[in-house]
Amino acid sequence: MSTISSPSVELSSYRDQHFKGTRAEQDRLLRLSTTLYVGNLSFYTTEEQIYELFSKCGDIRRVVMGLDKYKKTPCGFCFVEYYNRQDAENCLRYINGTRLDDRIVRTDWDAGFVEGRQYGRGKTGGQVRDEYRTDYDSGRGGYGKIIQQKMGGVNEGGLSR
């Protein structure tokens, strides 16, 4: 018996480089997972907002907010764990690409949350991508804000002077 797979719930090509195990093990866990990685969140998005939006697809077991490893403040990502795979698939179909706090959220399969993964991995404690930012997005903060401060500040519209 064959199953019909929707392109919206297939595995992406991204793999966690810090996964402790083989690529085959990681792929197997991703195919069975009920956990999603959610990225491109505003630094001001709350856990309650995540529950409100993501519970529209099913019952949530838990939400783990991504935190700056030094300041322990939100840094733009989280993990959402559902009780069953179907609800997580619905989330990928219907919530991936929607707007939350004026940001387009990205969702992807995750092999399962392990303690310690909630902390950003960048040099500044946030997400790695923030190290490479050259612009300042008021919804994100992060390393781009540091660059703007070095260059003389940010005006009210979030653009550098």
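Note that the structure is a prediction, hence the values are computed from the model and not measured.
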message: Could you go through Leu41 and Ile50, starting from their C-alpha distance and side-chain angles, then the distance that decides it, and tell me whether this counts as side chain to side chain contact (heavy atoms under 4.5 Å, CB included)?
response: CA-CA 10 Å; Leu41 295 174; Ile50 299 292; 3.9 Å; yes

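- Here the CG atom belonging to Leu100 is positioned 7.0 Å from the CZ atom belonging to Phe54, to the nearest 0.5 angstrom.
- Nearest approach of Ile104 to Arg99, heavy atoms of both residues: CD1-NH2, 3.6 Å.
- Of all heavy-atom pairs spanning Asp110 and Leu30, the tightest one is C-CD2, 3.4 Å.
- Contacts classified as salt bridge (Lys or Arg N to Asp or Glu O under 4.0 Å) and involving residues 42-58 (residues at least two apart or in different chains) are given here: Glu52-Lys56.
- Summarising the geometry of Ser33 relative to Arg85, their closest heavy-atom pair is O-NH1, 2.9 Å, with the distance given to 0.1 Å.
- Every pair passing salt bridge (Lys or Arg N to Asp or Glu O under 4.0 Å) that includes a residue from residues 73-83 is listed here, sequence neighbours excluded: Arg61-Glu81, Arg62-Glu81.
- Leu11 is connected to Ile95 through a chain of hydrophobic side-chain contacts under 4.5 Å among Ile, Leu, Val, Met, Phe, Trp and Tyr, so both are in one cluster.
- Classified by interplanar angle (parallel below 30°, tilted 30° to 60°, perpendicular above 60°), the ring pair Tyr37/Phe79 is perpendicular.
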task: Take Val80 and Cys91 through the test side chain to side chain contact (heavy atoms under 4.5 Å, CB included) and record every step on the way to the result.
output: CA-CA 10 Å; Val80 176; Cys91 179; 6.0 Å; no

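- Residues Trp109 and Leu36 approach most closely at CE3-CD2, 3.5 Å, considering heavy atoms.
- Minimum heavy-atom separation, Arg106 to Asn40: NH2-N, 4.0 Å.
- Across Ser42 and Asp101, no two heavy atoms sit closer than the pair CB-CB, 3.9 Å.
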